[in-house]
S.K.: 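Dropping the structure in here first, questions after.
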There are 2 protein chains.
Amino acid sequence: MEYEQLKLDNQLCFRLYTAARLTIGAYHPYLDPLGITYPQYLVLLVLWEQDKQPVNDIAHKLFLETNTVTPLLQRMEKAGLVKRAKGKEDTRQRIVSLTKKGIEMREQAKHIPDCLSDEIIQITGEEEEFVRMIPTLDKLIEGLKRTTNNK
Amino acid sequence: MEYEQLKLDNQLCFRLYTAARLTIGAYHPYLDPLGITYPQYLVLLVLWEQDKQPVNDIAHKLFLETNTVTPLLQRMEKAGLVKRAKGKEDTRQRIVSLTKKGIEMREQAKHIPDCLSDEIIQITGEEEEFVRMIPTLDKLIEGLKRTTNNK
DNA sequence: TAATTTTGCATCGTGAACGATATAAATAAG
DNA sequence: CTTATTTATATCGTTCACGATGCAAAATTA
């Protein structure tokens with residue numbers, strides 16, 4: 001059939017796009033009580049690993065553009081989760097640091113990854129199959145990141 | 001370590017989210033010349049498989065809400081890709097059909113899936129590993145779809 | 001048949017994502 | 001030292017994605 005390859009069933013990207021959206025949806029019951037969104041949760045993960053980072057470092061670790069992260073951080077600042085201070089050595093930089101509220105949220109969030117794992121196991125019967133996707137996804141992400149940067 | 005599970009490296013969802021965004025980015029060189037976005041391309045895939053469908057069917061096949069698809073279709077109508085007509089039997093329905101322009105775009109788009117496959121092979125050296133993710137992603141999508149509907 | 005509930009779609013508001021562009025500071029080139 | 005370029009961040013406009021809500025038509029129930 002001439003158009004066989006256009007069938008939705010054959011598309012990998014559509015699966016990734018849908019799986020990502022639905023998985024983010026599964027975070028809602030845990031993030032809503034904290035008053036944060038999934039991308040904001042990702043920013044917190046980055047800052048919990050290492051506090052006081054410039055916008056660029058956060059964006060880079062999340063594979064996002066700074067023009068996505070800046071408004072995200074502004075909303076998080078308004079919500080009292082982070083502070084944004086001018087850099088000392090390089091005044092162009094904005095050093096993002098956690099507030100007391102942002103630091104304390106780590107304690108409330110620490111169970112979330114295990115909750116999600118449990119949910120996936122409940123839903124699908126096993127976890128191993130999903131863990132096995134991780135290196136493949138990493139390979140894809142690294143490859144795509146390299147090629148789009150060479151544009 | 002107490003917060004080990006909060007490390008970004010350990011998160012499956014973050015991989016899915018990032019891989020989806022970057023893969024959609026890889027479609028840009030092919031979709032931009034056609035003047036369509038990735039979600040619009042998905043709508044066209046659905047309509048190319050079967051023309052004249054109500055909004056609800058399109059949304060369901062893409063695992064999206066109708067309040068996401070409606071404005072998407074309105075933009076596509078303005079771009080001259082689809083028509084939206086009141087349903088005959090059920091007047092609540094809006095039957096979406098392809099215009100001449102929408103039908104003809106199929107010919108220009110038919111090579112896109114192969115281009116993307118080639119790109120993934122070039123980037124990563126092989127394709128098989130990614131094809132193997134598809135049934136796992138389907139299992140995850142179906143599972144998540146079921147549980148979120150039972151809410 | 002009349003009242004109630006459900007269904008299909010649309011509208012509104014908020015928060016991403018990202019291309020394009022702007023701005024100021026740092027760096028490099030002249 | 002001055003000019004040009006790069007870098008770090010911010011702003012703007014457009015398009016999703018989706019929860020909440022609205023509305024009219026259809027289906028169900030009384």
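Lettering of chains follows the sequences in order, A, B, ..., and the numbering in each one begins at 1. Note that this is a predicted model, so its numbers are computed, not measured.
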S.K.: Pairs under 3.5 angstrom only: tabulate donor-acceptor contacts from the side chains of residues 113-121 of chain A to other protein residues two or more places apart or in another chain.
M.R.:
residue	atom	partner	partner atom	Å
S117(A)	OG	P113(A)	O	3.2
S117(A)	OG	E127(A)	OE2	3.1
E119(A)	OE1	Y30(A)	OH	2.7

S.K.: Whole angstrom is fine here: how far is it from NE2 in H28(A) over to C1' in dT14(C)?
M.R.: 11 Å

S.K.: Under the ring pair (Phe, Tyr, Trp, His ring centres under 6.0 Å) rule, collect the residues that match up with F130(B), sequence neighbours excluded.
M.R.: none

S.K.: What is the ring orientation for Y38(A) with Y17(B), classed by angle as parallel under 30°, tilted 30 to 60°, or perpendicular over 60°?
M.R.: perpendicular

S.K.: According to a strict under-4.0 Å criterion, is T70(A) in side-chain N/O contact with OP1 or OP2 of dA10(D)?
M.R.: yes

S.K.: Rounded to whole Å, please give me the gap between CG in L64(A) and C1' in dA16(C).
M.R.: 9 Å

S.K.: Might you point out which heavy atoms bring A26(B) and L144(A) nearest each other, and give the distance in Å?
M.R.: CB-CD2, 4.0 Å

S.K.: In whole Å, I'd like the distance from the CD atom of E65(A) to the C1' atom of dT21(C).
M.R.: 14 Å

S.K.: Could you check whether any side-chain N or O of W48(B) sits under 3.5 Å from a backbone N or O of G102(B), counting only pairs where one atom can act as donor and the other as acceptor?
M.R.: yes

S.K.: With a 4.0 Å cutoff (strictly under), does any side-chain N or O of R94(B) reach OP1 or OP2 of dA10(C)?
M.R.: yes

S.K.: Among pairs that include at least one residue of residues 31-40 of chain B, which meet salt bridge (Lys or Arg N to Asp or Glu O under 4.0 Å), considering only residues two or more places apart or in two chains?
M.R.: none

S.K.: For DNA chain D, report each stem as range with range, ordered by first number, or say none. Use Watson-Crick or G-U wobble pairs under 3.5 Å, at least 3 in a row.
M.R.: C:1-30 with D:1-30

S.K.: Over how many whole Å does the gap from L31(B) atom CG to dC18(C) atom P extend?
M.R.: 15 Å

S.K.: How about K110(B) and E107(B): do any of their side-chain heavy atoms sit closer than 4.5 Å?
M.R.: yes

S.K.: Which residues pass the side-chain contact (heavy atoms from CB on, under 4.5 Å) test with P135(B), sequence neighbours left out?
M.R.: none

S.K.: In whole Å, I'd like the distance from the CD atom of Q40(A) to the C1' atom of dT14(C).
M.R.: 11 Å

S.K.: Please check this pair: side chain of T99(A) against backbone of G80(A), looking for a donor-acceptor N/O pair closer than 3.5 Å.
M.R.: yes

S.K.: Under 4.0 Å, heavy atom to any atom of DNA chain D: which of residues 12-20 of chain B qualify?
M.R.: none

S.K.: So, using side-chain contact (heavy atoms from CB on, under 4.5 Å) as the criterion, who are the partners of Q122(A) when residues are at least two apart?
M.R.: none

S.K.: When you measure from the side chain of K145(A) to the backbone N and O of L22(B), does any donor-acceptor pair fall under 3.5 Å?
M.R.: no

S.K.: Between dC16(D) atom P and Y41(B) atom OH, what is the distance in whole Å?
M.R.: 15 Å

S.K.: Would you kindly give the OH-to-C1' distance between Y38(A) and dA16(C), to the nearest whole Å?
M.R.: 14 Å

S.K.: Using a cut-off of strictly less than 4.0 Å between a heavy atom of the residue and any atom of DNA chain C, enumerate the qualifying residues of residues 71-88 of chain A by number.
M.R.: L72(A), R75(A)

S.K.: My understanding is that only residues two or more places apart in sequence, or in another chain, count here; which of them pass ring pair (Phe, Tyr, Trp, His ring centres under 6.0 Å) with F14(A)?
M.R.: none

S.K.: Among V96(A), L47(A), V82(A), which residue satisfies the side-chain contact (heavy atoms from CB on, under 4.5 Å) criterion with M76(A)?
M.R.: V82(A)

S.K.: N/O contacts under 3.5 Å, protein versus nucleotides 21-25 of chain D?
M.R.:
residue	atom	partner	partner atom	Å
dA25(D)	O3'	T91(B)	OG1	2.8
dA25(D)	N3	R92(B)	NH1	3.4

S.K.: Could you list by number each residue of residues 48-59 of chain B showing a heavy-atom separation from DNA chain D of less than 4.0 Å, or answer none if no residue does?
M.R.: none

S.K.: For residues 51-69 of chain A, please give each side-chain donor-acceptor pair under 3.5 Å, one per line with the distance, not counting sequence neighbours.
M.R.:
residue	atom	partner	partner atom	Å
D51(A)	OD1	L98(A)	N	2.9
Q53(A)	OE1	K61(A)	NZ	2.7
Q53(A)	NE2	V46(A)	O	3.3
Q53(A)	NE2	Q50(A)	O	2.8

S.K.: Are OP1 or OP2 of dC16(D) and a side-chain N or O of T37(B) less than 4.0 angstrom apart?
M.R.: yes

S.K.: To the nearest Å, give me how far apart CZ (F63(B)) and P (dC18(D)) are.
M.R.: 12 Å

S.K.: Picking from R94(A), R84(A), K101(A), what satisfies salt bridge (Lys or Arg N to Asp or Glu O under 4.0 Å) with E77(A)?
M.R.: R84(A)

S.K.: Any side-chain heavy atom of T70(A) within less than 4.5 Å of one from Q74(A)?
M.R.: yes

